[in-house]
There are 2 protein chains.
Amino acid sequence: MPTPELPAVVAAVHDIWMRTNDLLGQALASHNLTPATFQALWVLDPAEPPPSMKVMAERLYCNAPNLSFITNQLTDRGLVERAVDPADRRSRVLLLTDKGRRVRDELVRTALEKTPLAALSDEELRQLKPLLDRAVASG
Amino acid sequence: MPTPELPAVVAAVHDIWMRTNDLLGQALASHNLTPATFQALWVLDPAEPPPSMKVMAERLYCNAPNLSFITNQLTDRGLVERAVDPADRRSRVLLLTDKGRRVRDELVRTALEKTPLAALSDEELRQLKPLLDRAVASG
DNA sequence: CACGGTATTTCGATACTCGAAGCATTGGTA
DNA sequence: TACCAATGCTTCGAGTATCGAAATACCGTG
């Protein structure tokens, strides 16, 4: 017996996500990017060690061929580079270029401005975060 | 100056959404459906008056040609039908077939079982809903 | 050094998304 | 009434996205 609030919560998550993408469309287009390529950029945190293709595919819930395609889009646009992992020469790690870092910074900032979630107060976001984190951690 | 929690909340929403889709993959494939066609089915509530193509496109944040394509996928599979709106003969409304109603019921139920949000308690969902609703309403 | 296993890429097929152009219908206006 | 700009939808063509199967390169073990 599902909780009566669950359908509305799922619908709200979908709506927020789709609208964030929608509102970001102009900014993405100005760099010749798309939701898929931006998500790859998003999960490529310059403050963390460069992830392998495998790790990136897990972060994006896509398979290896798909990630190869997305990576090619980003390298074609000069935003990321592949490098052989010296510890395991089968593996390629993804590095942001300087341009990639700049574009990522700009787009992440725009996304955080435009998302409907930006309408919430600090207090509300502090309430929201642990709840969503618990759902994320449940997997 | 963005709230420090905002990036994590946006990331969590993305993650929950992607994972819901991912976990639903098998169930969708068993009906020859995809995330895009399922979303159309999801927003086609049999309890509400049948929406026009225009309204559907707004609900899905896509444009008219895209919705025409998705609608064709669903009619090809016998799940929805187009009907001329008698009040405005330019407009087509979308009707679920009997099969469409059955498939939708089954998949919505599966989605609500599999989504990471199902791990939250009634109490947590009751806290979550008004926060997300406020973000949704902000647009 | 052979061999099964792993990381990635390539290939081919299907699905998705969009802008531009076209068709039918509507509502306003002269 | 006759026109016509606006509206709702579809078609078309092009680029993007996603996947399964097969190929390639490398790893570790025996």
Side-chain angles (χ1 to χ4, degrees), chain A residues 17-19 21-43 50-77 79-95, chain B residues 17-19 21-41 50-77 79-95:
Chain A
W17 175 245
M18 286 294 152
R19 215 143 86 200
N21 264 343
D22 195 45
L23 296 170
L24 211 49
Q26 293 303 315
L28 296 184
S30 74
H31 292 286
N32 257 287
L33 293 176
T34 60
T37 41
F38 172 60
Q39 278 317 306
L41 228 43
W42 175 281
V43 300
S52 66
M53 299 294 273
K54 179 180 173 53
V55 167
M56 283 292 286
E58 286 162 359
R59 290 185 188 172
L60 296 174
Y61 301 96
C62 73
N63 61 11
N66 191 359
L67 184 65
S68 269
F69 173 83
I70 291 173
T71 302
N72 288 340
Q73 304 275 314
L74 290 173
T75 56
D76 290 350
R77 287 156 180 73
L79 303 177
V80 310
E81 280 172 358
R82 280 181 246 240
V84 173
D85 179 354
D88 182 345
R89 296 172 47 70
R90 290 169 301 184
S91 181
R92 311 288 143 90
V93 294
L94 251 53
L95 300 164
Chain B
W17 176 245
M18 285 295 152
R19 218 144 86 199
N21 264 344
D22 196 45
L23 297 169
L24 211 49
Q26 293 302 316
L28 296 184
S30 75
H31 291 286
N32 256 286
L33 293 177
T34 60
T37 41
F38 173 59
Q39 278 318 308
L41 228 41
S52 67
M53 300 294 275
K54 180 180 174 53
V55 168
M56 282 293 287
E58 285 163 359
R59 290 186 188 170
L60 297 174
Y61 301 97
C62 73
N63 60 11
N66 192 0
L67 184 65
S68 269
F69 173 83
I70 291 173
T71 301
N72 289 339
Q73 304 274 314
L74 290 173
T75 56
D76 290 350
R77 287 158 180 72
L79 303 177
V80 310
E81 281 173 357
R82 281 181 244 240
V84 173
D85 179 355
D88 183 344
R89 297 174 44 70
R90 290 170 300 183
S91 181
R92 308 290 140 92
V93 294
L94 251 51
L95 300 164

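In the text below, chain A, chain B and the rest are named by the order of the sequence lines, each starting its count at 1.
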- request: Determine the contact category for Ala64(B): base if any of its heavy atoms lies under 4.0 Å from a base atom, sugar-phosphate if only primed atoms, P, OP1 or OP2 are that close, otherwise nothing.
  value: base

message: Just the rounded figure in Å: distance from P of dT16(D) to CZ of Arg77(A).
response: 6 Å

statement: When rounded to whole Å, the CZ to P distance for the pair Phe38(A) and dA17(D) reads 14 Å

- line: Arg92(A) CZ to dC27(D) P, in whole Å, measures 10 Å

query: For Leu33(B) and dC19(D), what is the distance between atoms CG and P respectively, to the nearest whole Å?
result: 15 Å

message: Rounded to whole Å, how long is the line connecting atom CD of Glu58(A) with atom C1' of dT6(C)?
response: 13 Å

message: Nearest 0.5 angstrom please: Ile70(A) CD1 to Cys62(A) SG, how far?
response: 5.0 Å

- line: Side-chain contact check for Pro65(A): nearest option of dA7(C), dC9(D), dG20(D) is dG20(D)

- line: Residues Arg89(A) and Arg92(A): closest non-hydrogen pair is O-NH2, 3.9 Å

field: All side-chain hydrogen bond (donor to acceptor under 3.5 Å, both in side chains) counterparts of Arg19(A), not counting sequence neighbours
entry: Asp15(A), Tyr61(B)

field: 5' priority, DNA chain C, between Asn32(B) and Ser52(A) [closest heavy atom]
entry: Ser52(A)

- prompt: Where do Thr37(A) and Thr34(A) land on the side chain to side chain donor-acceptor pair (under 3.5 Å) test, with the steps shown first?
  reply: CA-CA 5 Å; Thr37(A) 41; Thr34(A) 60; 2.9 Å; yes

field: Pairwise 5' ranking along DNA chain D for Asp88(A) and Val55(B), keeping only the more 5' one
entry: Val55(B)

Any donor-acceptor N/O pair under 3.5 Å between dT8(C) base and Arg90(A) side chain: no

- prompt: Taking CD1 from Ile70(A) and P from dC19(D), how many angstroms apart are they, rounded to a whole number?
  reply: 9 Å

Residue-phosphate contact under 4.0 Å: Asn63(B) side-chain N/O, dT17(C) OP1/OP2: no

- line: Heavy-atom nearest nucleotide on DNA chain D taken for Asp22(B) and for Pro86(A); more 5' hit belongs to Asp22(B)

query: Nearest-Å distance, CG (Leu28(B)) to C1' (dT18(D))?
result: 14 Å

Whole-Å gap separating C1' (dA17(D)) and CZ (Phe69(B)): 12 Å

